[in-house]
Amino acid sequence: MPKQSAGILPFRRLSGGLEVLIAHPGGPLWARKDDGAWSVIKGEYTDEEPWSAAKREFTEETGIEVPDVASVLLPVVRQRGGKVVTVFAIEADFDVTGAVSNTFEMEWPPRSGKHQSFPEVDRIEWFPVEQARIKLLAAQVVLLDRVIECASD
């Protein structure tokens, strides 16, 4: 069975158009990657409802509590590595200046025997939808069209 992740894709309406909040993965493997590397704020789960997992992961990776607002289930996507991602859109305007991610450990440099701690997310930013199309992982770009539909409903 493939790994499963659940996440939240916040959107906000500004006079200049629609923006979405996405995250850049932390750690040395992603440090020099930008376009095509960003992601919906998400994380893996097993024995949990996707919406509960999405809220928990959002808070763990940003330090921001998810407000009690309506959510819209977006199309489930399968990423290149096979992971199945369930994403919910919410309309919310978060101030992300103080956002803080949880951390993970990995051996770094490789085969050094040394373990270092890195943030799961090293940046979260609001992007206009058209710029987010460039920043997001290829499999997640399809979610933006549905967010545009949500915002116009």
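Positions are given from 1 along the sequence.
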Margin query: Is it the case that over 12 heavy atoms from other parts of the model lie below 6.0 angstrom from the CD atom of Glu60?
Written below: yes
Item checked: Taking every non-hydrogen atom, the tightest pair across Ala139 and Val77 -> O-CG1, 3.5 Å
Notebook entry, point to check: Between the side chains of Gln116 and Glu107, does any donor sit under 3.5 Å from an acceptor?
Noted result: no
Note to self: Tell me if the aromatic rings of Phe94 and Phe58 count as close, with their centers under 6.0 Å from one another.
What the structure shows: yes
Check: Would you say the side-chain atoms of Ser101 pair up with the backbone N or O of Val121, donor to acceptor, closer than 3.5 Å?
Finding: yes
Notebook entry, point to check: Taking only residues two or more places apart in sequence, or in another chain, which ones meet Tyr45 in a ring-ring contact (aromatic ring centres under 6.0 Å, His included)?
Noted result: none
Check: Taking His24 for the side chain and Lys33 for the main chain, is one N or O donor matched with an acceptor at less than 3.5 Å?
Finding: yes
Notebook entry, point to check: Same cluster or not: are Val87 and Trp51 linked, directly or through other Ile, Leu, Val, Met, Phe, Trp or Tyr residues, by side-chain heavy atoms under 4.5 angstrom apart?
Noted result: no
Note to self: To the closest 0.5 Å, what do you measure between CD (Glu120) and CH2 (Trp30)?
What the structure shows: 13.0 Å
Note to self: Filter on ring pair (Phe, Tyr, Trp, His ring centres under 6.0 Å), then keep only pairs touching residues 134-153, sequence neighbours left out; what's left?
What the structure shows: none
Check: Would a hydrophobic clustering, with Ile, Leu, Val, Met, Phe, Trp and Tyr connected at side-chain separations under 4.5 Å, put Val100 with Trp126?
Finding: no
Item checked: Path from Leu143 to Leu137 over hydrophobic side-chain contacts below 4.5 Å -> no
Next item on the list: Kindly say whether Ile41 contributes a backbone atom to a donor-acceptor pair with the side chain of Ser39 at under 3.5 angstrom?
Entry: no
Notebook entry, point to check: Above 12 or not: heavy atoms from other molecules or residues under 6.0 Å from CD of Glu105?
Noted result: yes
Check: Is Arg56 salt-bridged to Glu48, cutoff N-O under 4.0 Å?
Finding: yes
Next item on the list: Indicate if Phe104 and Leu29 have the same hydrophobic cluster label, given that clusters are the connected sets of ILVMFWY residues with side-chain heavy-atom separations under 4.5 angstrom.
Entry: yes
Check: Do Gln4 and Thr46 have side-chain N/O donor and acceptor atoms under 3.5 Å apart?
Finding: no
Check: Roughly how far, to the nearest 0.5 Å, is the CG atom of Leu14 from the CD atom of Glu19?
Finding: 4.5 Å
Notebook entry, point to check: If you round to the nearest 0.5 Å, how far is CG of Leu74 from CD of Glu149?
Noted result: 9.5 Å
Margin query: Using every non-hydrogen atom in the two residues, find where Arg133 and Ile148 come nearest and quote the distance to one decimal.
Written below: NH2-CD1, 3.6 Å
Notebook entry, point to check: Any link between Leu144 and Ile8 through a network of hydrophobic side chains (Ile, Leu, Val, Met, Phe, Trp, Tyr) touching at under 4.5 Å?
Noted result: no
Notebook entry, point to check: Where the side chain of Glu91 meets the backbone of Ala151, is there a donor-acceptor pair that is under 3.5 Å apart?
Noted result: no
Margin query: How close do Phe88 and Leu73 get, counting heavy atoms only, and between which atoms?
Written below: CE2-CD1, 3.7 Å
